[in-house]
**Q** 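Okay, handing you the structure first.
Only heavy atoms go into these numbers, but all of them, side chains included; no hydrogens, no water, no symmetry mates. Atoms within a ligand are numbered from 1 in the order they appear, just like the ligands themselves.
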Amino acid sequence: MNLKELEISSEIFDFIKKNRSHFNNLKRANLFLKGSCGIINFFDTSNQLDDLRLLITEKENIIQEEPDRREYGDFQTNKNLALKSVQYILSMDTKVEFDYVVEPTCGKGSFILAALSQIETLKKVIGIEIYQPYIWKTKFKILEFYIQNPQRTKPEIEIIHANVFDFDFEKLSNETRDYTTLVIGNPPWVTNSELGSIDSENLPQKSNFKKHRGFDAITGKGNFDIGEYIALMILRNFSSHNGYFGFLIKNAVVKNLLYDQKHNNFRISKIEKLNIDSTKEFNVSVDACLFLAKLNKEPEFSCMELDFYTKEKRTSFGWFDDSYVYSISDYQEANDIEGKSQFIWRQGIKHDCSKVMEIERYNDHFKNGLDQEVEIENDLVFGLLKSSDLKVKQTNSYRKLTIITQKKIGQNTDYIHKDYPLTFEYLWKNKDYFDKRKSSIYKGKPNFSIFGVGDYSFMPYKVAVSGLYKSTHFTLVLPENGKPIMLDDTCYFISFNKLPQARIAHYLLNHEHTQQFLKAIIFPDSKRSITKDVLMRINFHKLYSLFDPSSVQNDLDAVTLEEWEAFGELTGKKQGNEQMTLF
Ligand SMILES: C[S@@+](CC[C@H](N)C(=O)[O-])C[C@H]1O[C@@H](n2cnc3c(N)ncnc32)[C@H](O)[C@@H]1O
């Protein structure tokens, strides 16, 4: 789009027509517009000015269809959200007098306008944007604003057409160090892998910006949002300016920024995250927020989370000593059980072939997901629980059953042919479904291979939790007619040979102290918030030691004192200097 295709309001038309004489040459027009709205070099070339004159004369207003802007993570902030965001920052610190605004990817200029309209003290404004049509939109909006508000003092404004990744923020920061600065904006919402999938190069040149330990653990697989890169670039260059930083950004990015603050030590304090409704604001379903920090203060490592609309506080998350937690107050109260679990948490059976491997009982016969009658021996058939079955306190019943073809990962499955001919015939008949499994884990493995199986799968008593839901409710899973029940790969569990051990573990896990600990360490925004890593942080021995046997007697009436003490011994056993890990 060039200037000729710009949508200009009638007010701007009238203004330009009325002041037509000032638009005769480039120098004059730029001088006039600087006086009218503060923008330096409104037009870069005489051609641009010619285009505008043509536009005015012919009253053209051609709107072209927008090109595909996916690679630019283009979600323009609406006027109201930008106004409210600036308003909130001003309310955080009524004494601050901003004289400088930087918007690193200013788009159509909502934040610049929100700042100009609410901050009277501004002396300088810089906006950067890669997309020329948006530069025009921003410039004309600013012009319109000053036409409507001629009495307002005009700061010096530069709207720069540039790629943010090539822009010299270090130079800009050095030149403007004495200004009370507001860096505000909404950087692109796009990740490097999304850019990869559309062959885009809208990336920083040196994208090795996250090579330190711990990052993969938090974000997974080095995938990063380019908004995160821009936020880091800004904080690196501007955190020793006096002022504030405010970015509309994905929650996942904020989680990483705070995590990295431990070693970045940016001079930021009063860190806040105000959750927005991105469906309402941007018509996308991404958890996002306004992330705020006061600049040039002793570094802080925690962040208060609030609701953007009600300002209701949700939590304070971040670093507590060496732990990165979602609720610092809960963690303070329940961190006495932080450690390493003595029981290994496992994920359930994975087979990626549910149509064949999962069956249901109808009276005295089985049917599979392909609606085929299934006639097989009983031995390899086990009850199966899924996440949705784990809402109860305890269970020994199930809706579905599954075929367990191996006792250990990689076990040869030839024995099925010999020992269970009907099961083999059924599996062989449906072999195509197994061969079509996409995941590389099945490549080169025995026919009908499954994963998430081991001795622990066949232990009779289990304590399980859903990995799909946010709830940390644990279910005691008992065998049915002496046969252990399996869990699918959406569940996590620990397993036991003795019922009292399972009962005690189940009791301890559902106790409010453990629940508080889990609430403290689980970030609910994550796609899968309950993970093996999280569960492995519960030290059962420390947890057990918090209880006096007399106080638990009522809740654990089927467990004797000897069994209770045996659990203490089991979890307290040491091997060398290490606490032993069981099962
Ligand atoms: C999420 S939008 C937000 C725009 C504006 N900050 C706002 O709040 O409405 C991101 C903006 O970044 C711009 N952008 C994307 N990549 C850029 C780059 N490499 N350099 C400068 N701007 C870029 C897009 O064109 C888009 O206008």
**Q** Evaluate the ring planes of Phe32 and Phe15, with Trp represented by its six-membered ring, and classify them as parallel (under 30°), tilted (30 to 60°) or perpendicular (over 60°).
**A**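 Phe32 vs Phe15 ring planes: parallel.
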**Q** Heavy atoms only: which of Leu113, Ile112, Ile130 lies closest to atom 17 (C) of ligand 1?
**A**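 The option holding the nearest heavy atom is Ile130.
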**Q** Would you check the N or O atoms of Ser110, main chain and side chain alike, for any that come under 3.5 Å of an N or O of ligand 1?
**A** no
**Q** Answer side chain, backbone, both or neither: which part of Ala162 comes under 4.0 Å from ligand 1, heavy atoms only.
**A** backbone
**Q** Output the list of atoms in ligand 1 that are nearer than 4.0 Å to some heavy atom of Phe75, sorted by atom number.
**A**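 Listed by number with element: 1 (C), 2 (S), 3 (C).
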**Q** Check this for me - ligand 1, Trp189, N or O atoms closer than 3.5 angstrom, yes or no?
**A**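 In fact, backbone or side chain, Trp189 has no N or O that close.
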**Q** Going by the angle between their ring planes, with limits at 30° and 60°, are Phe75 and Trp189 parallel, tilted or perpendicular?
**A** tilted
**Q** With a cut-off of 4.0 Å, which atoms of ligand 1 are near a heavy atom of Phe111?
**A**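 Near Phe111, the atoms of ligand 1 are 8 (O).
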**Q** Just distances here: any N/O of Val164 and N/O of ligand 1 closer than 3.5 Å?
**A**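 Between Val164 and ligand 1, an N or O pair is found under 3.5 Å apart.
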**Q** Aromatic ring centroids of Phe308 and Tyr88 under 6.0 Å?
**A** no
**Q** Are Thr472 and Gln515 linked by a side-chain donor-acceptor pair shorter than 3.5 Å?
**A**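 Gln515 and Thr472 do have a side-chain donor-acceptor pair below 3.5 Å.
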**Q** When you look for heavy atoms under 4.0 Å from ligand 1, do you find them on the side chain of Glu103, its backbone, both, or neither?
**A**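 For Glu103, the contact with ligand 1 is made by the side chain alone.
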**Q** Answer yes or no for Pro187: is there a heavy-atom contact with ligand 1 below 4.0 Å?
**A**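 Within the 4.0 Å threshold, so yes.
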**Q** Report the relative orientation of the aromatic rings in Phe291 and Phe245; use parallel for angles under 30°, tilted for 30 to 60°, perpendicular for over 60°.
**A** perpendicular
**Q** Any luck finding a side-chain donor-acceptor pair between Thr490 and Asp488 under 3.5 Å?
**A**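 Side chains of Thr490 and Asp488: pair found under 3.5 Å.
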**Q** Answer yes or no on whether Lys255 is positioned over the face of Phe523, meaning its NZ or CZ is under 6.0 Å from the six-membered ring centre and within 45° of the axis.
**A** yes
**Q** Closest by any non-hydrogen atom to atom 6 (N) of ligand 1: pick that one out of Thr77, Thr105, Leu81, Asp74.
**A** Thr105
**Q** Please confirm whether Asn163 comes under 4.0 Å of ligand 1, counting heavy atoms of the residue only.
**A**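 Right, Asn163 reaches ligand 1.
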**Q** Just which atoms of ligand 1 are under 4.0 Å from any heavy atom in Phe165?
**A**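 Numbered from 1, ligand 1 contributes 19 (N).
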**Q** According to the interplanar angle, ranging from 0 to 90°, do the rings of Phe238 and Phe169 count as parallel (below 30°), tilted (30 to 60°) or perpendicular (above 60°)?
**A** perpendicular
**Q** Hey, is NZ on Lys350 packed in by over 12 heavy atoms from elsewhere, all under 6.0 Å?
**A** yes
**Q** Can you label the angle between the Phe140 ring and the Trp136 ring as parallel, tilted or perpendicular, going by 30° and 60°?
**A**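 Tilted.
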**Q** Any idea which atoms of ligand 1 are less than 4.0 Å away from a heavy-atom of Gly73?
**A**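 Selected atoms, number and element: 1 (C), 2 (S), 10 (C).
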**Q** Can you sort out which atoms of ligand 1 are near Tyr134, meaning under 4.0 Å from one of its heavy atoms?
**A** 27 (O)
**Q** For atom 24 (C) of ligand 1, state which one of Gln76, Glu129, Lys79, Gln132 supplies the nearest heavy atom.
**A** Glu129
